[in-house]
Amino acid sequence: MTTLISREAPATDWLDALPLGNGRLGAMAWGDPARARFGLNESTLWSGMPGVNADRRTDAETAAAARTEALALFRAGREVEAEQVLAALGASWSQAYQPVGDLVVEVPGAAPGPRELDLGASLHRVRTADGEHVTLVSAADEVLVHAVPLAADAGLHVALESPQVEEHRAERPDGLDLVLRVPSDSPPHHAPGRPPVRWDEDASRVAVVVRWHRETDSGQERAVIVVAVVTSWRGFGQRPDRPRAEILAAATAQAERALARGEAELLARHSAAPLPGTGDMVIELPRIGQAALLADVLAYGRYLLAASSRPGLPPANLQGLWNDLPRPPWSSNFTTNINVEMNHWPAAVAQVPDAAAALERWVELVRTTGRETARRLYDADGWTLHHNSDAWGYADPVDGDASWAIWPMGGLWLELQLEDLSRFTGEDPSERAARRLPALREAAAFALDLLHEDGDGEHLVTFPSTSPENRWRAADGRALALTEGSGMDRWLVRGVLSALLEAAGTAGAREDPVVRRAAAALPRVQGPRIGPDGRLLEWHAAVEETEPAHRHISHLAPVFPGTDPLLEEIEAAATASLEARGDEATGWSLAWKTALWARLHRPDKVQDLLELFLRPALTPDGERSGLYPNLFSAHPPFQMDANFGIVAAVAECLVQSHRGEIELLPAAAPLLATGSVRGLRARPGVVVDLSWERGEPTSLALRALGPGAAGSHRVRRGPRTVEVELPGDGSAVELSPGDLRTLVGAHRSDGQP
């Protein structure tokens with residue numbers, strides 16, 4: 001089934017334009033036939049380079065003194081002073097993802113028409129009385145292609161405008177060549193003192209080459225414009241110093257080679273090389289009201305992730321692939337205290353393989369940079385990453401508020417994310433354990449060095465510790481972030497240590513020194529704790545929240561994306577915590593809350609959150625969370641993480657597999673009461689094809705992806721289960737009518753047990 005995002009008129013704003021991408025090159029299409037505008041992006045175009053501002057970063061002696069003094073102050077009840085002392089750890093910042101500029105193609109007198117983005121074909125079309133205006137970003141030819149009807153006597157004007165520094169421009173009757181230079185340093189808006197953007201000669205460059213010609217197709221005169229974009233990027237961890245002449249020559253060759261193929265061949269080659277994974281998983285819902293909109297949003301989220309991701313290049317960032325500002329909100333970078341992980345929640349369950357591969361390769365980079373940061377700032381083995389990073393692998397804390405800057409747990413969360421992605425592949429368990437063991441060992445080594453005994457000497461806790469971006473109220477009324485062993489830290493440490501012990505047991509590495517330390521430490525790291533009010537504890541004690549409805553719900557991560565079985569009392573405490581937080585939130589927080597309510601088997605609350613997620617973001621009173629006109633999700637402002645996160649959240653409503661079984665329709669909200677899904681994945685690598693009506697399964701087929709998923713699987717619907725044996729040859733097994741009747745049993749038609 002083809003999904004079309006359709007609009008009757010051209011975009012009047014960037015957040016009404018429609019996105020194209022091939023995992024590297026991106027374009028926002030505004031859709032005016034007479035003045036077609038495309039905002040161009042390239043995934044490797046970032047300000048700065050490896051090591052920028054290294055002279056600002058905190059040295060080992062200063063860091064050690066700050067950590068020692070801060071812990072003593074914290075233990076003495078002088079938390080405010082402790083937090084001030086720890087500010088010494090952060091003195092620099094990560095870099096910003098940069099736009100290329102706007103391509104404008106003017107065809108005077110071109111007829112107007114409706115526009116559409118065909119997600120399956122990755123094509124943008126404007127249908128006019130004169131003919132079809134077609135735009136694509138080709139993975140086969142690495143160019144943007146824009147083909148339009150053009151009368152024999154009609155003119156054509158092509159221009160490119162950019163906020164970057166122009167170093168070279170050459171115009172010709174059939175083309176345009178530019179070389180642009182981006183900032184050598186772009187501090188974020190929130191950096192203390194608002195340091196200025198720097199434009200030194202030592203910076204990344206991008207070559208843009210535009211070529212066009214006329215050709216005749218079935219008697220119609222058409223203009224074909226191709227755009228090639230090549231940056232000075234050399235690869236992860238390397239200086240972006242490809243010479244200007246080299247990148248200009250490469251872009252010229254790409255553009256001229258593509259133009260020589262002509263429109264028909266370019267379209268055929270594009271069709272033969274679709275975005276990986278875009279057709280492998282399909283959720284169908286009734287084409288009525290909000291259910292139809294939800295179905296479009298789910299298909300859109302998968303498309304956006306595939307279009308933003310390519311192995312060997314930076315993974316989807318805070319805005320996916322699309323950014324129009326040289327100093328964007330939060331630098332459009334990688335925020336690791338939720339956003340990078342949420343971007344990749346659907347990569348396995350919803351089959352977007354290139355996204356998982358891109359994340360894995362980038363994590364290899366930050367492991368390298370994070371080793372140096374771990375030793376210098378924490379005198380620790382392994383590696384660490386704080387809340388902001390970039391394409392160069394920035395790993396230090398940033399200069400800013402402790403509530404978001406002093407959080408050294410990004411490496412642990414990324415390893416847990418990769419660990420969970422690996423559990424959907426069907427890989428042989430022994431091979432998976434051997435492959436993952438070195439990375440888990442490094443993450444655990446850092447965690448073990450960060451741990452120390454609490455005041456009672458009974459438990460091991462992390463310090464410094466925060467619950468990302470949230471604050472509690474000190475006795476003097478001031479808002480504080482610093483704690484010991486926050487709820488999220490405990491989940492991350494226990495998750496990494498447990499994963500290491502499991503992998504070591506499978507791989508026969510139990511006597512490894514780090515594994516032995518992990519085995520000794522794990523029982524002393526507490527799991528989720530319940531406070532006197534019946535909610536999960538977020539900080540070191542039952543302290544007062546300064547913002548009870550805060551968007552971050554990090555202490556609920558054991559429920560989702562955590563995968564360990566939870567006691568009923570912990571689930572009850574998580575329910576109380578979610579209820580206290582309330583439903584209203586930023587876009588990405590709505591997606592996370594949807595997933596949490598799905599894990600808690602609450603379709604009624606899933607419905608509430610979906611309705612908030614699908615509402616318009618623009619209102620007469622201003623912006624709120626919801627959807628912009630082009631269906632990008634609003635924080636606000638625009639962030640792509642929620643578009644990805646909602647795909648994973650809805651997948652949890654349909655199939656859950658974290659408890660060692662395949663559970664069907666655990667949270668089928670009214671918007672999801674009837675539908676079908678093809679190609680959904682469950683752990684440990686099972687492809688699920690499921691249809692259902694009024695919240696009950698009507699057909700089910702399962703297929704093992706590899707040897708690790710072959711064998712017997714328990715399928716659950718509420719309290720009822722059946723066993724299904726999957727062969728190792730990859731063939732599908734359909735559930736018999738009798739087994740389906742067993743699963744449906746006496747369930748209510750609304751999906752509630």
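Values reported hereafter were calculated over all heavy atoms of this structure, with side chains retained and with hydrogens, waters and symmetry mates removed.
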Looking only at atom types and distance, does a side-chain atom of [X] sit under 3.5 Å from a main-chain N or O of [Y], one as donor and one as acceptor?
| X | Y | value |
| --- | --- | --- |
| Ser271 | Leu267 | no |
| Ser232 | Arg242 | no |
| Ser332 | Leu318 | no |
| Ser331 | Asn333 | no |
| Arg222 | Glu132 | yes |
| Ser589 | Ala585 | no |
| Glu215 | Glu263 | yes |

Report the C-alpha separation of Asp202 and Arg239 in whole Å, then their side-chain angles, then the decisive distance to 0.1 Å, and conclude whether the salt bridge (Lys or Arg N to Asp or Glu O under 4.0 Å) test is met.
-> CA-CA 10 Å; Asp202 197 12; Arg239 291 174 61 86; 2.7 Å; yes
Atom [atom1] in [X], atom [atom2] in [Y]: separation rounded to 0.5 Å?
| X | Y | atom1 | atom2 | result |
| --- | --- | --- | --- | --- |
| Leu610 | Ile646 | CG | CD1 | 5.5 Å |
| Arg169 | Asp177 | CZ | CG | 10.0 Å |
| Ile283 | Asp296 | CD1 | CG | 12.0 Å |
| Leu590 | Arg551 | CG | CZ | 13.0 Å |
| Arg310 | Leu25 | CZ | CG | 8.5 Å |
| Glu611 | Leu294 | CD | CG | 11.0 Å |

State, without any angle test, whether [X] and [Y] hold a side-chain donor-acceptor pair at a distance under 3.5 Å.
| X | Y | value |
| --- | --- | --- |
| Asn323 | Gln98 | no |
| Thr231 | Thr44 | yes |
| Ser186 | Gln95 | no |
| Gln164 | Ser162 | no |
| Ser138 | His270 | no |
| His168 | Glu166 | no |
| Ser633 | Asn643 | no |
| Gln639 | Gln319 | no |
| Arg615 | Ser625 | yes |
| Asn53 | Asp185 | yes |
| His189 | Arg194 | yes |
| Asp141 | Gln254 | no |

Under the side-chain contact (heavy atoms from CB on, under 4.5 Å) rule, what do Arg125 and Arg115 come out as? Steps first, then yes or no, please.
-> CA-CA 6 Å; Arg125 303 185 187 92; Arg115 58 193 170 108; over 6 Å; no
Ring center gap for [X] and [Y] short of 6.0 angstrom:
| X | Y | value |
| --- | --- | --- |
| Phe38 | His146 | yes |
| Phe334 | Trp362 | yes |
| Trp330 | Trp404 | no |
| Tyr394 | Trp93 | no |

Cationic N near anionic O, under 4.0 Å, Arg181 to Glu201 | yes
Leu178 and Leu160: side-chain contact (heavy atoms from CB on, under 4.5 Å), yes or no, with the steps?
-> CA-CA 9 Å; Leu178 289 95; Leu160 194 139; 4.3 Å; yes
Starting from the C-alpha separation in whole Å, work towards a yes-or-no answer on side-chain contact (heavy atoms from CB on, under 4.5 Å) for Leu609 and Asp583.
-> CA-CA 7 Å; Leu609 270 297; Asp583 291 347; 3.7 Å; yes
Would Phe644 and Trp588 count as a ring pair (Phe, Tyr, Trp, His ring centres under 6.0 Å) if you check the C-alpha gap in whole Å, the side-chain angles of each, and the deciding distance to 0.1 Å?
-> CA-CA 9 Å; Phe644 304 145; Trp588 61 262; over 10 Å; no
For salt bridge (Lys or Arg N to Asp or Glu O under 4.0 Å), just list the numbers for Arg7 and Glu116, CA-CA rounded to whole Å, side-chain angles, deciding distance to a tenth of an Å, and then say yes or no.
-> CA-CA 6 Å; Arg7 299 292 181 265; Glu116 65 185 26; over 6 Å; no
Please step through side-chain contact (heavy atoms from CB on, under 4.5 Å) for the pair Val210 and Val226, ending with a clear verdict.
-> CA-CA 6 Å; Val210 187; Val226 300; over 6 Å; no
Could you note down all residue pairs passing ring-ring contact (aromatic ring centres under 6.0 Å, His included) where residues 281-300 supplies at least one of them, sequence neighbours left out?
-> none
Using the side chain to side chain contact (heavy atoms under 4.5 Å, CB included) rule, pick out the option among Asn630, Ile5, Leu4 that qualifies with Leu117.
-> Ile5
Under the criterion side chain to side chain contact (heavy atoms under 4.5 Å, CB included), which of Leu15, Leu304, Leu293, Leu614 is the partner of Leu631?
-> Leu293
Is the Trp592 ring parallel, tilted or perpendicular to the Trp345 ring (thresholds 30°, 60°)?
-> perpendicular
